[in-house]
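Computed from a predicted model, the values in this text were never measured in an experiment. Along the sequence shown, residues carry numbers from 1.
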Amino acid sequence: MGISEKRMMGGQCFFLNGNMLCGARRHKDGIGRFIFRVGKANESFAMKDSTAEAVIHGTQKLGGFVRVDENDCDDNAMLRWLKLCLEHAAALPAKD
């Protein structure tokens with residue numbers, strides 16, 4: 001299966017073997033934001049990063065996800081976040 005992408009959550013999301021890795025969208029305020037699926041086991045570690053925020057969908061916090069504004073995500077930060085996402089997704093069983 002490998003890497004795939006799909007429009008959802010108001011933006012573009014990327015998957016590894018059917019498991020969400022991350023997504024990106026530009027909000028009505030003009031600010032681009034990334035969402036990273038780091039997994040619940042890595043969430044407390046990820047939240048130690050001062051640029052990370054919890055993801056709230058409607059009124060519910062999405063466990064295992066963090067949000068980072070585009071201005072806080074240079075190339076090095078993007079690589080760190082993606083590594084965490086890839087490690088999490090690679091440990092999950094593939095989805096159809």
Side-chain angles (χ1 to χ4, degrees):
M1 292 182 78
I3 301 289
S4 60
E5 62 182 281
K6 177 167 74 169
R7 287 202 52 81
M8 60 185 277
M9 298 175 70
Q12 198 71 17
C13 293
F14 299 89
F15 299 80
L16 174 65
N17 299 326
N19 294 295
M20 186 176 170
L21 292 168
C22 59
R25 71 181 279 198
R26 185 158 309 280
H27 289 258
K28 292 177 186 175
D29 60 10
I31 297 173
R33 293 187 175 94
F34 298 106
I35 182 174
F36 297 104
R37 183 180 183 198
V38 298
K40 289 183 182 180
N42 295 324
E43 186 176 4
S44 62
F45 170 76
M47 290 302 293
K48 290 178 184 176
D49 186 309
S50 64
T51 66
E53 299 178 37
V55 174
I56 308 296
H57 189 66
T59 60
Q60 191 167 350
K61 179 181 173 286
L62 295 181
F65 288 84
V66 297
R67 185 183 83 177
V68 179
D69 286 352
E70 68 179 334
N71 294 334
D72 294 324
C73 202
D74 62 14
D75 290 347
N76 289 329
M78 179 65 79
L79 289 173
R80 285 192 313 273
W81 286 117
L82 289 176
K83 181 179 179 200
L84 205 54
C85 294
L86 285 164
E87 287 172 357
H88 171 68
L92 299 172
K95 294 182 179 178
D96 293 331

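Among all heavy-atom pairs drawn from Glu5 and Phe15, the shortest one is CA-CD1, 4.4 Å. Here the closest heavy-atom approach between residue Leu21 and residue Cys85 is recorded as O-SG, 3.2 Å. Contact between Ala54 and Met47 at its shortest, heavy atoms only, is N-CE, 3.6 Å. Nearest approach of Ala52 to Val66, heavy atoms of both residues: CB-CB, 4.2 Å. Nearest heavy atom pair, residue Ala46 against residue Val38, reads CB-CG2, 4.0 Å. Taking every heavy atom of both residues into account, Thr59 and Ile56 meet most closely at C-CG2, 4.2 Å.
Distance check, rounded to the nearest 0.5 Å: SG of Cys13 to CZ of Arg37 gives 11.0 Å. A distance of 13.5 Å separates CZ of Phe36 from CG of Asn42, quoted to the nearest 0.5 Å. Atom CZ of Arg7 sits about 9.5 Å away from atom CZ of Arg25, to the nearest 0.5 Å. For the atom pair Ile31 CD1 and Asn71 CG, the distance stands at 7.0 Å (nearest 0.5 Å). Rounded to the nearest 0.5 Å, atoms CD (Glu43) and CZ (Phe65) are 10.0 Å apart.
With hydrogens and angles ignored, the 3.5 Å screen pairs no side-chain donor or acceptor of Asp69 with any backbone N or O of Arg33. Side-chain atoms of Asn19 come within 3.5 Å of backbone N or O of Pro93 as a donor-acceptor pair.
No path of Ile, Leu, Val, Met, Phe, Trp and Tyr side chains, each step under 4.5 Å between heavy atoms, connects Phe14 with Met20, placing them in separate hydrophobic clusters. A single hydrophobic cluster is seen to contain both Leu82 and Phe45, as judged by linkage of ILVMFWY side chains at heavy-atom distances under 4.5 Å, directly or through other members.
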- Item | Steps toward side chain to side chain contact (heavy atoms under 4.5 Å, CB included) verdict (Cys73, Trp81) | CA-CA 9 Å; Cys73 202; Trp81 286 117; 4.1 Å; yes

- Task: Evaluate the side chain to side chain contact (heavy atoms under 4.5 Å, CB included) criterion for residues Asp72 and Glu53: first the C-alpha distance (whole Å), next the side-chain angles of each, then the deciding distance (0.1 Å), finally the verdict.
- Result: CA-CA 11 Å; Asp72 294 324; Glu53 299 178 37; over 6 Å; no

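For Arg26, the side chain to side chain donor-acceptor pair (under 3.5 Å) partners at least two apart in sequence or on another chain are Glu70.
Residues Leu84 and Glu87 have side chains in contact (heavy-atom distance under 4.5 Å, counting atoms from C-beta outward).
Around NZ of Lys40, the count of heavy atoms belonging to other residues, nucleotides or ligands within 6.0 Å does not exceed 12. Summarising the local packing, CG of Asp75 is surrounded by 12 or fewer heavy atoms from other residues, nucleotides or ligands at distances under 6.0 Å.
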